Amino acid sequence: MEYNFNEIEQKWQKHWNDAKAYSVSNTSTKPKYYVLDMFPYPSGAGLHVGHPLGYIASDIYSRYKRLKGFNVLHPMGYDAFGLPAEQYAIEHGVHPAVSTDQNIRNFRNQLDKIGFCYDWEREVRTSDPSYHKWTQWIFLQLFNSYFHPTLKKATPIAALVGSFELEGSVQIDGLRAQVSPFTADEWKIFGEKKQQEILMEFRLAFCGYGEVNWCEALGTVLANDEVVNGVSERGGFPVVKKTLRQWYLRITDYADRLLNDLDKLEWSEAMKEMQTNWIGKSTGAEIDFKVKTSTSPLPLSEGEGQGREAATLPLSEGANETSPLPLSEGEGQGRVALAQEKLAAPRYFTSTAEQWKYLEQFAKTNRKNQTEAEAIIWEEVRNRKIDGFKFRRQHPVAGFIPDFTCLEQKLIIEIDGDYHEEIDQKKYDEARSAWLRENDFSMLRFSNDEVLSDLKSVVEKIKLTLASLQGVNAGKSPSPLERGWGEVTLKVYTTRPDTIFGVDFMVIAPEHALVSSITTASQQAEVDSYITYVKSRSERERQAEKKITGAFTGACAINPFDGREIPIWISEYVLAGYGTGAIMAVPCGDERDFKFANYFNIPITNILGDAFNGTEPNPTKDAILHNSGFLNGMVLRDAIDVVVTKLEEMGIGKRKINFRMRDAAFSRQRYWGEPFPIVWKNGIAYPLPESELPLTLPKVDSYSPGPDGEGPLANIPEWVNQYTSKSPSLSERGWGEVEGGQLETNTMPGYAGSSWYFLRYMDPHNSEAFASKQATDYWNQVDLYIGGTEHAVGHLLYSRMWTKALHDLGHLSFDEPFRRLLNQGMITGSSRFVYRYQLINTSVTSEADIFVSFGLDEKVRSGKIPTEGIAFMINELIPNYCNLDTLKKRNATFLVSKIHVDVNLVDGVELDIEAFKKWRNGEYAHAEFILEDGKYICGVETEKMSKSKFNTVNPDDLVAKFGADTFRMYEMFLGPIEQSKPWDTKGIEGVHRFLKKLWRLFFDELKGKQWNEQEPTAAELKILHRTIKKIEDDTERFSFNTAVSAFMVCVNDLADVKCHKSAILEPVLILLAPYAPHIAEELWHALGNTTLVIDAPFPVFEAKHVVESAKDYPVSINGKVRTNITIGLDVEQAGVETIVLNNDVVKKWLEGKDPKKIVFVKNRMINIVL
RNA sequence: GCCCAGAUGGCGGAAUUGGUAGACGCAGCAGACUCAAAAUCUGCCGUUCGCAAGGAUGUGCAGGUUCGAUUCCUGUUCUGGGCACCA
């Protein structure tokens, strides 16, 4: 009987399927074990040999755990939403659902052939409505939650609303820069829109404006981890920064927990490192520096803190005399006069002289050109008409000109025209609001429409607001001078407050809000042109060429400790999005700052003494501080805390932790993804009620994007407007608020469905919940997760966040999804090349392509064979191909093209010429070959496996040729699972020979049945038990390659002793079952068993069978092994010494000398030291 | 630039805690069986000197610790991966 793997494998695959052999129950008395693969995106290309590596490893481990008595969950599914299917739809007009289904069928077909033990009844597809219903449901949980600042966990948003109603923003004060503090009473009069806007700042899934990675070619936004080197991960298209309305996940709130909980996980250090870097926690301080523009008339004097105080005093005559900065000639006189005049008028002066000068003209113009709505309001509020409060119109406040201002109550009224909806204007408005809020102003906003259509309620609202502010601002002076408003402060973030005396300049991002207000007249042109330059540069250019660029604003900041003036620069190396968008530059300690200072000739202060040599910066924390005022003599490391404490005392700085990680962009302008269960009405996002889920995708004809960066769904009004009216009436069902609203037209990104799929496997058919609590409690965390490293910062981080949020909200009892993570290495392809030679500069007589064998080509390239040499060889092949004389005269050369050739046409390195000629529909049918030793040898290079490089190997072919068992074992035998290694089909025959050899222990080709029931000998038992131990250990530590080799050793040994005893062979089959399940099953049944081998108990290792009574000790002299001596294991040091010293070989090497020492390690070795 | 991982025969790799470096497999060489091939079996297989016995040398490179180092330490080169103006 021969080993007929095809027949055996088909037979058992069918049997397992029919018997539901791998069906798993959610109730069991056995302990549970959950083994998970990263589910595949079903691409059209199908599987290549690299894909199943991880699946085989997890399959072996699952089967092993089942043999060891565990109830093992080992499911598989498909990450079925995604961009490629949609791209394919655009190009070929096939609906993504159709092509995805087709691809899945193809994948399944390929997977089935390898003989995996998946419980296919638990299959999930993220694009199934019954699945994405729960993706949408989880989204709603995130939408309806916020991160509680002290509990540090997701909490229903209702709790936040309750706290706002009860005590205003007290609890969350200072947590969200975008939201100004408010009282409970204020909250109540805000109105729904304003309330919802505030709540949106807290929701874990939220919608907002932000700079996003926009990919024009893909027509969508991408998350940070989907952008690589300024181009899209998929397709490599350019990506630009664009401000758009987008959905986000507030993953930054979880940054600390995501970082700290890494400790709980059994992941590789490299993986943890990657997540740690991505989260990018840094500990430092924010420091406020006072800024003075070079023309400022404010007397900013030396000495700490005095500047602030000085500004709060009413300015006396001669204030300008104390100004440390001489005003420029000419214009100076007039300005000083103006400044003095304004400064002397305290009550309503709300801008610096500099600002006033610029704004005055605008204000005057604005007053003359009021809009209709503004005119109406002005009539209502002027002359203290409302409860005696004085309003001013177009009154400059700091750098802004609000429409109407009541300084007494610090209330500002804005009437917005349509242009306020534009993005840039919005940003500007936000910056202004932020500043005003910080300075205790309240704001009321009305649209033109509101004023024109319902003046009454507008006035009523103004009255109410003024009343509610009564007392709020009591004791707070509206006077700018008493508050020191004339000052501008620059907030910087630094991790090195200890170096504050070494600050030689400040750098702020070109986009920084302060740039326009601090730039001096003389520097304006330079700053403007620099900003133009920065805007002209794409993200890619910015990353590619890191030139030192920048511009001086003309303004200076003041060092709070020594009063030094520090010039403020702008430069693109400072990022607006990180920290405060401003840094204090310490060139003696920081590489970039040092280069910048050198480039722009900014003098460098040395605070490091000898530790700074003037030619390169030293970032040390261990030097002694010099030139650092009260810090002199202190070690930098220790000074950090001292400085921050001092800053805090002075009220101009505080400790601050920053994260590099940003909130995750969560919307895509695409069709093939989960629709958001959100209805927009009057600019408010209403969640769809759970009863409406799943919200499914409409059928569409076109996948082209909608208007204004919206997705294709925006083109389908029937779908978008399906909630304008619905029967039975929406209000009857208790959610009338969405009536008349429009559905969100973005869809969710690919990582939405994959962030929780491991939970659905636990209870895949549940229609009441994403999974029952009973199921998630039972299966709990994934015990072993196997997949590639490419998901290190995407999927793995999002899954962790979703799990934590679901845990916080009481839906899960665990807060980390994957307890143990194993990263399989990439299988690289081994590409083969042929070398095509084309003569240029001379005529040839044949059109045939000429291919030169690798070895000859090398000699040509190294100059060992001249051009004429090759031409001569071609002429031998094709008579009169070219004229050698003309060739020489014209100095003709060959154009050599290195062409990828399909690895499947190459045996090792030798090209199958006939197959090559038929390749690609006979493209090279007429090719001619210059051979070496009668063969055409191909060039070899290791590259990533990909279709375009023709280096993919299809597992189907190998399974057909060698069987699934051989294929599985060979993939494992290639090397350590975590290491990346090149694929080489050639070695598979060795593994196949091993299985055939195993087969021959049971069956003889001629005689048939070989096994017997004889008692095993001690030697045979030793072989068996050594193998049990080795397989068990190796499987436990995922050392599958060495386990395969142990099987080979075992079978070789058994064959050597001609062992055909079932008492030995049967346990070996159980050991082998996880690795080669089909052959193990077949032989197991051949031995007479009727149950499945997978249900057999794992053999128990018994040490007594492997104990030795003696050891063949290596004996070294001075560390060099000279001989081996067999000595009983019970012999101790003294006995060993006697035996060794009497040995002839040892005596020879001792040359009569006495050994200094004899090192004896029992069961290891003996070393004689001379 | 920063961080991490790695470097062992012609090739993939093994050596689990410092204890005989090269298990197992591929490729190669020699032989057996065969008319022949396939399949199977046996032997050899790091480099080098030597007829041999045996010796020298050898885990990227240079040092160190140790009776003993592929393994630990310091420095260095190269390869792969991650991050990349994150203050």
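What you see is a predicted model; the values in this text were computed from it and never measured. Chain identifiers are assigned alphabetically (A, B, ...) following the order of the sequence lines, protein sequences preceding nucleic acid strands; residue numbering begins at 1 within each chain.
Residue A:Gln979 has a polar side-chain atom (N or O) positioned under 4.0 Å from OP1 or OP2 of B:G13. Dashed line: the shortest gap from a side-chain N or O of A:Asn1118 to OP1 or OP2 of B:G68 is not under 4.0 Å. Distances shown here put a side-chain N or O of A:Ser282 below 4.0 Å from the OP1 or OP2 atom of B:A87. When the side-chain nitrogen and oxygen atoms of A:Arg1164 are compared with OP1 and OP2 of B:G18, none of them lie within a distance under 4.0 Å.
Between A:Asp1034 atom CG and B:A15 atom P the separation is 8 Å, expressed in whole Å. With rounding to whole Å, A:Phe1038 atom CZ is found 20 Å from B:G13 atom P. Computed from coordinates, the A:Ile977 CD1 to B:G13 P distance equals 13 Å when rounded to whole Å. A:Glu790 places its CD atom 12 Å from the C1' atom of B:G81, with the value rounded to the nearest Å. Atom OH in A:Tyr578 sits roughly 17 Å away from atom P in B:C83 (whole-Å rounding). Computed from coordinates, the A:Met1165 CE to B:G19 P distance equals 10 Å when rounded to whole Å. In this entry the distance linking CD1 of A:Ile657 with C1' of B:C86 reads 15 Å, nearest Å. Between A:Tyr1113 atom OH and B:U20 atom C1' the separation is 13 Å, expressed in whole Å.
Distances were taken from every side-chain heavy atom of A:Asn1052 (C-beta onward) to each of B:U42, B:C67, B:G25; the shortest belongs to B:G25. With B:G25, B:A21, B:G19 as the choices, the nucleotide that has an atom nearest any side-chain atom of A:Val1121 turns out to be B:A21. In this structure, the nucleotide among B:U20, B:U16, B:G82 sitting nearest to the side chain of A:Lys1030 is B:U16. Candidate nucleotides B:C67, B:C4, B:G25 were compared by shortest atom distance to the side chain of A:Lys1157, and B:C67 ranks first. Nearest nucleotide to the side chain of A:Thr494, out of B:A87, B:G19, B:U20: B:A87. Of the candidate nucleotides B:U16, B:A87, B:C4, B:A87 has the atom lying nearest to any side-chain atom of A:Val574. Set against B:A87, B:U20, B:G68, the side chain of A:Asn1167 has B:G68 as its closest nucleotide. Closest to the A:Thr1042 side chain, of the nucleotides B:A27, B:A14, B:U16, is B:A14. In the set B:A87, B:C24, B:U16, B:C24 carries the atom at the smallest distance from any side-chain atom of A:Val1049. Considering only side-chain atoms of A:Glu273, the nucleotide from B:C85, B:A87, B:C3 that sits closest is B:C3.
At a threshold of 4.0 Å, the pair A:Asp256-A:Lys281 counts as salt-bridged, since one of the basic side-chain nitrogens sits closer than that to a carboxylate oxygen. Salt-bridge check for A:Asp590 with A:Arg496: failed, with every basic side-chain N at 4.0 Å or more from each acidic carboxylate O.
Applying the 90° cutoff around 0 to the glycosidic angle, B:G46 is assigned anti.
When the P atom is used for both B:G6 and B:U74, the distance is 15 Å, rounded to whole Å. Separation of the C1' atoms belonging to B:G63 and B:A56 is 23 Å when rounded to the nearest angstrom. Across B:U66 and B:U77, the matching P atoms stand 28 Å from one another, rounded to whole Å. The C1' atoms of B:A5 and B:A87 are separated by 28 Å, rounded to the nearest whole Å. For the C1' atoms, the distance linking B:G31 with B:G81 amounts to 48 Å, nearest Å. As rounded to the nearest Å, B:G46 and B:A21 have C1' atoms that lie 10 Å from one another. Comparing the P positions of B:A14 and B:C24 gives an interatomic distance of 14 Å, to the nearest angstrom. Taking the P atom of each, B:G80 and B:G12 are spaced 15 Å apart, rounded to whole Å.
A distance-only check finds a donor-acceptor pair linking the side chain of A:Tyr530 to the backbone of A:Glu572 [under 3.5 Å].
Within 4.0 Å (heavy atoms only), A:Asn277 reaches no atom of the nucleic acid at all. As judged by a 4.0 angstrom heavy-atom cut-off over every strand, A:Arg1000 is placed among residues touching the sugar-phosphate backbone only. If you check every strand for non-hydrogen atoms under 4.0 Å, A:Lys996 touches sugar and phosphate atoms only. Counting any heavy atom pair closer than 4.0 Å across all strands shown, A:Glu591 reaches no nucleic acid atom.
Base pairing of B:U42: its partner is B:A30, meeting the Watson-Crick or G-U wobble criterion (both donor-acceptor distances under 3.5 Å). Pairing for B:U71 is absent, with no Watson-Crick or G-U wobble pair whose two atom distances lie under 3.5 Å. When both distances must be under 3.5 Å, the Watson-Crick or G-U wobble mate of B:A5 is B:U79.
Between A:Phe505 and A:Phe600, a ring centre-to-centre spacing not shorter than 6.0 Å is recorded.
Within a 6.0 Å radius of NZ in A:Lys621, no more than 12 heavy atoms belonging to other residues, nucleotides or ligands are found.
Checking A:Phe994, A:Phe962, A:Trp983 one by one against A:Tyr970, the ring-ring contact (aromatic ring centres under 6.0 Å, His included) holds for a single residue, A:Trp983.
The salt bridge (charged side-chain N to carboxylate O under 4.0 Å, His left out) contacts involving residues 979-1002 of chain A comprise A:Asp907-A:Lys986, where partners must be two or more places apart or lie in separate chains. Applying the side chain to side chain donor-acceptor pair (under 3.5 Å) test to pairs two or more places apart or on separate chains, those with a residue in residues 1160-1170 of chain A are A:Glu1132-A:Lys1162.
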Quiz item: Which letters describe nucleotides 53-60 of chain B, given B = protein heavy atom under 4.0 Å from base, S = only from sugar-phosphate, - = neither?
Solution: --SSS---
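Side-chain contact between A:Lys491 and A:Asp288 is present, with at least one heavy-atom pair separated by less than 4.5 Å.
No hydrogens or angles considered: nothing links the side chains of A:Ser1039 and A:Asp1034 as a donor-acceptor pair under 3.5 Å.
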